[in-house]
There are 2 protein chains.
Amino acid sequence: MAAKRTVRPLTDFDRPSVTVDLVLLTVRDGALCVLVIRREDQVAGEWALPGGFVHIDESLDETVARLLRDKAHLPGGFVEQLYTFGKPDRDPRGRVISVAYYALVPADRLEGGIVEAGDLALTKVEASLSGALPAVILPDGRLERLAFDHGEILKMAIGRLRGKLDYSAVGLELLPELFTLRQLQDVHEAILGARLAKPAFRRKMLDRGFLKPTGLLEKGAAFRPAELYRRV
Amino acid sequence: MAAKRTVRPLTDFDRPSVTVDLVLLTVRDGALCVLVIRREDQVAGEWALPGGFVHIDESLDETVARLLRDKAHLPGGFVEQLYTFGKPDRDPRGRVISVAYYALVPADRLEGGIVEAGDLALTKVEASLSGALPAVILPDGRLERLAFDHGEILKMAIGRLRGKLDYSAVGLELLPELFTLRQLQDVHEAILGARLAKPAFRRKMLDRGFLKPTGLLEKGAAFRPAELYRRV
DNA sequence: CCAAAAGTGTTACTGCTACACCCATGC
DNA sequence: GCATGGGTGTAGCAGTAACACTTTTGG
């Protein structure tokens, strides 16, 4: 039991495939949305998160960056590793371990990026406040679960994001460079699935020091225009 | 660019090896300690975190449980996934992606478990409060960095644990079933690397509702005996 | 002037810190 | 009694929630 360990080469073991699955989130028209892809293989017709295999010479972060370029023509933005899923039966194609990432993109940076690919869609998320798995709302209005364990992945991404709203400036990742406090509150409310009190929200955000006023006012407001703010 | 995607089989891609690396932490004599193993292969003589390959038919969680059984004869306890490390050059043996987990074990449950294996050691951690990588203090007193990117993994585990102390009952995982508030404070101080105020700490813990008094008193105290508490 | 949304003042509550103090035990 | 660590009371400060209120715009 305490015998000297023998050193075994890497080739002694069957190797799993490793993929990166991406939860690309945005807030559009006050609703939390996620990028999904219609599968054509074993689970044809089902919707899933976009993903791809980790190439043998690229890091996980590089795989995500490649996915973001290929699927949404996006160079930068907020990206963070979420969790790694490795149950042996999670993918019907074989043993696939998936490292999940989530990315946040302002809605205005997505326009024209993903539209051209017919099997990709940006769908609203129906995320309960309790423990149930979230579903997506397809363009035709149908409510649908995601394939594989992707519902679980999406749920974890939303949970992580909700937690981060409380103590970080992560909400700003979903807004353009200049934004009003109302827009920021809309983003928070869409993610949390709850209404927030305006005065408390304003002061909390301003006290944090994550944003600074510009002195500029929004254009084209129906009523009193709000001041525009900027990050940091 | 918007062409129909071709479905490629898993065998189209070279596959990386996948390992689980384990950060087993405990607090012994008021010091944060980690389980490390002396390597005999490419990095012979260096110390690293214990780890092992993910077998083709086991989940990641099962791999961790197997490691805990083999390295420390431990059945249960607190275990949580930490992060997945995947830079192509992180392991000199080839392309190895490592899913890091951390585990918390009370010091009294480790006695007699890992001692028998000569290349395993439970070493004190020298973790700075700033950004520097932590080092381990070998039994002979030498301060040493860990091999590969394991210093980075250890640093992340300590950071995660420090964060969790604030809002969860995770400190209790490092204590026996019955414990005093002083012992719990010692655990927090060892992990945070800082002294805490006694009255504030007591009340914070009791208000949380994570622990309840038993009415029992500790034995063999030199002075006034403290009350013993229990989880939940 | 009115409607609607932006933005502010006031109060109260809660969680935490700091400091002083009392309590129970072995010697 | 005394030293030592266990345990409590009180005051103050910071962050936040609730509510009422004022301000600024387009029509």
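Just so it is clear: chains get the letters A, B, ... in the order the sequence lines come, proteins before strands, and each one is counted from 1. Just so it is clear, the values below take in all heavy atoms, side chains as well, and ignore hydrogens, waters and symmetry mates.
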In whole Å, what is the span from the [atom1] atom of [X] to the [atom2] atom of [N]?
X: B/L228; N: D/dG7; atom1: CG; atom2: P; value: 9 Å
X: A/F201; N: D/dA17; atom1: CZ; atom2: C1'; value: 15 Å
X: B/L206; N: D/dT8; atom1: CG; atom2: C1'; value: 11 Å
X: B/E227; N: D/dG5; atom1: CD; atom2: P; value: 20 Å
X: A/Y167; N: D/dT16; atom1: OH; atom2: P; value: 15 Å
X: B/K198; N: C/dA18; atom1: NZ; atom2: C1'; value: 14 Å
X: A/L196; N: D/dA17; atom1: CG; atom2: P; value: 9 Å
X: B/R195; N: C/dT17; atom1: CZ; atom2: P; value: 16 Å

Worksheet entry | Residue whose nearest DNA chain D nucleotide is more 5′ - A/D166 or A/A221 | A/D166
Worksheet, complete the sentence: When A/R224 and A/R203 are each assigned the nearest nucleotide of DNA chain C, the 5'-most assignment goes to A/R224
From the list [options], which nucleotide is the closest neighbour of the side chain of [X]?
X: B/P199; options: D/dC19, C/dC19, C/dA6; result: C/dC19
X: A/R208; options: D/dT16, C/dG7, C/dC16; result: D/dT16
X: A/F223; options: D/dT4, C/dA5, C/dC16; result: C/dA5

Discussion item. Tell me whether A/R160 contacts the main-chain N or O of A/L82 through its side chain, where contact means a donor paired with an acceptor under 3.5 Å.
Written reply: yes
Worksheet entry | Cationic N near anionic O, under 4.0 Å, B/E58 to A/K87 | no
Discussion item. Using a 4.0 Å heavy-atom cut-off, does A/A222 contact any base of the nucleic acid, only the sugar-phosphate backbone, or nothing at all?
Written reply: sugar-phosphate
Worksheet item: Is it true that atom NZ of A/K164 has more than 12 heavy atoms of other residues, nucleotides or ligands lying nearer than 6.0 Å?
Response: yes
Fill in: A/R202 side chain near C/dG7 phosphate (N/O to OP1/OP2, under 4.0 Å)
yes
Worksheet item: Is there a side-chain contact between B/L138 and B/L143, using heavy atoms and a 4.5 Å cut-off?
Response: no
Worksheet item: With no hydrogens and no angle check, do the side chains of B/Y102 and B/E80 hold a donor and an acceptor under 3.5 Å apart?
Response: yes
